[in-house]
Number of protein chains: 2
Amino acid sequence: MVDRKTFTKQAKMLKALAHESRLMIVDSLSRRECSVGELRDMLDCDLSTVSKHLALLRAHGIVDDRREGTTVFYRLLTPCVCNFFICATQVLKERAR
Amino acid sequence: MVDRKTFTKQAKMLKALAHESRLMIVDSLSRRECSVGELRDMLDCDLSTVSKHLALLRAHGIVDDRREGTTVFYRLLTPCVCNFFICATQVLKERAR
DNA sequence: TTTATAGTTGACAGGATGGCCAAATAAGAA
DNA sequence: TTCTTATTTGGCCATCCTGTCAACTATAAA
């Protein structure tokens with residue numbers, strides 16, 4: 001039997017990832033460190049919006065940042081989040097049948 | 001490079017799972033078929049609330065139902081969603097370090 | 001046919017999310 | 001110091017999510 005609190009934690013983690021832009025951010029960061037500006041170019045939305053998505057991911061311990069001059073670089077703190085992509089792909093495939 | 005639409009689909013799927021009650025439902029259904037009433041007893045909330053969570057999961061092709069008399073039984077349609085539990089546990093563990 | 005049981009659906013309220021703009025901050029360059 | 005670039009934060013609004021109650025539907029039993 002699994003503890004209710006565990007489900008709560010897992011739900012919070014899933015919620016943090018359950019957004020198109022945040023998934024795209026995680027995918028990018030899984031390849032290499034990126035600045036906020038680079039991520040905005042990819043997502044094509046307001047810089048402040050990207051910054052807030054990153055703040056949320058950081059609050060959940062998924063990413064971390066470091067400043068280099070005026071630029072802030074983000075990196076993946078828990079690379080295994082990428083396994084979610086594998087899971088999701090698998091479910092979508094299984095569902096399609 | 002991954003298609004933007006793929007991220008959209010994955011995000012929708014994650015959103016469907018990103019709720020404590022729905023995770024608990026999926027976990028229960030991974031063990032055996034359950035009626036709405038049984039799930040309500042486990043979740044301890046309004047029957048209509050459970051019914052809506054189930055409707056949402058069904059709309060995403062994650063569960064399916066069958067009626068037996070006045071009772072409706074739900075079952076997991078894509079058992080591989082359980083891999084999300086493994087992923088989530090792994091991330092929470094990696095994050096804890 | 002009436003009654004009881006099991007679920008679903010609609011309406012509604014409160015709270016959480018997401019996105020943009022504008023203002024604030026941080027750091028380097030002039 | 002002042003200016004510029006990069007990013008964060010606060011305010012605001014629109015939208016979505018959750019949960020509850022009440023009303024409705026479906027099926028079986030009396």
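In what follows, every chain begins at residue 1, and chains take the letters A, B, ... in the order their sequences are listed.
Across the protein-nucleic acid pair, A/Arg66 atom CZ and C/dA27 atom P stand 15 Å apart, rounded to whole Å. Here C/dG18 presents its C1' atom at 7 Å from NE2 of A/His53, a figure rounded to the nearest Å. Between B/Asp65 atom CG and C/dT8 atom C1' the separation is 11 Å, expressed in whole Å. Distance CG (B/Leu57) to C1' (C/dG7): 16 Å, rounded to an integer number of Å.
Between A/Phe7 and B/Phe85, the angle of the ring planes goes over 60°, which puts this pair in the perpendicular group of the 30/60° scheme.
Linking Ile, Leu, Val, Met, Phe, Trp and Tyr residues whenever their side-chain heavy atoms come within less than 4.5 Å places A/Leu57 and A/Val72 in a single cluster. The hydrophobic clustering, which links ILVMFWY residues whose side-chain heavy atoms are closer than 4.5 Å, places B/Leu23 and A/Val2 together. Under a hydrophobic-cluster definition in which Ile, Leu, Val, Met, Phe, Trp and Tyr are linked whenever side-chain heavy atoms come within less than 4.5 Å, directly or via other members, B/Leu39 and B/Leu77 are assigned to different clusters. Residues A/Leu47 and A/Leu54 are members of one and the same hydrophobic cluster, defined by side-chain heavy-atom contacts under 4.5 angstrom among Ile, Leu, Val, Met, Phe, Trp and Tyr. Under the 4.5 Å side-chain heavy-atom criterion for ILVMFWY residues, no single connected hydrophobic cluster contains both A/Leu56 and B/Val91.
Along DNA chain D, the nucleotide nearest A/Val72 and the nucleotide nearest B/Leu56 are compared for position; the residue whose nucleotide lies closer to the 5' end is A/Val72. Of the residues near DNA chain C, A/Lys52 and B/Lys52, the one whose nearest nucleotide (by heavy atom distance) lies more toward the 5' end is B/Lys52.
To the nearest 0.5 Å, atom CG of residue A/Leu29 and atom CG of residue A/Asp64 are 11.0 Å apart. Separating the OG atom in B/Ser35 from the CZ atom in B/Arg67 is a distance of 12.0 Å, to the nearest 0.5 Å. Considering CZ of A/Arg32 and CD of A/Glu38, their distance stands at 4.5 Å, rounded to 0.5 Å. The CD atom of B/Glu20 sits 11.0 Å away from the CD1 atom of B/Ile25 when rounded to the nearest 0.5 Å.
Using a 4.0 Å cutoff to heavy atoms of chain A, the contacted part of DNA chain D runs 5' to 3' from D/dT5 to D/dG11.
DNA chain D lies under 4.0 Å from at least one heavy atom of each of the following residues of residues 34-49 of chain A: A/Ser35, A/Val36, A/Gly37, A/Leu47, A/Ser48. Within residues 6-25 of chain B, no residue places a heavy atom under 4.0 Å from DNA chain C.
Residue B/Phe73 is out of contact with every strand shown, counting any heavy-atom pair closer than 4.0 Å.
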Is there a side chain to side chain contact (heavy atoms under 4.5 Å, CB included) between B/Met24 and B/Asp27 once you walk through the steps? CA-CA 5 Å; B/Met24 292 179 75; B/Asp27 180 62; 5.5 Å; no
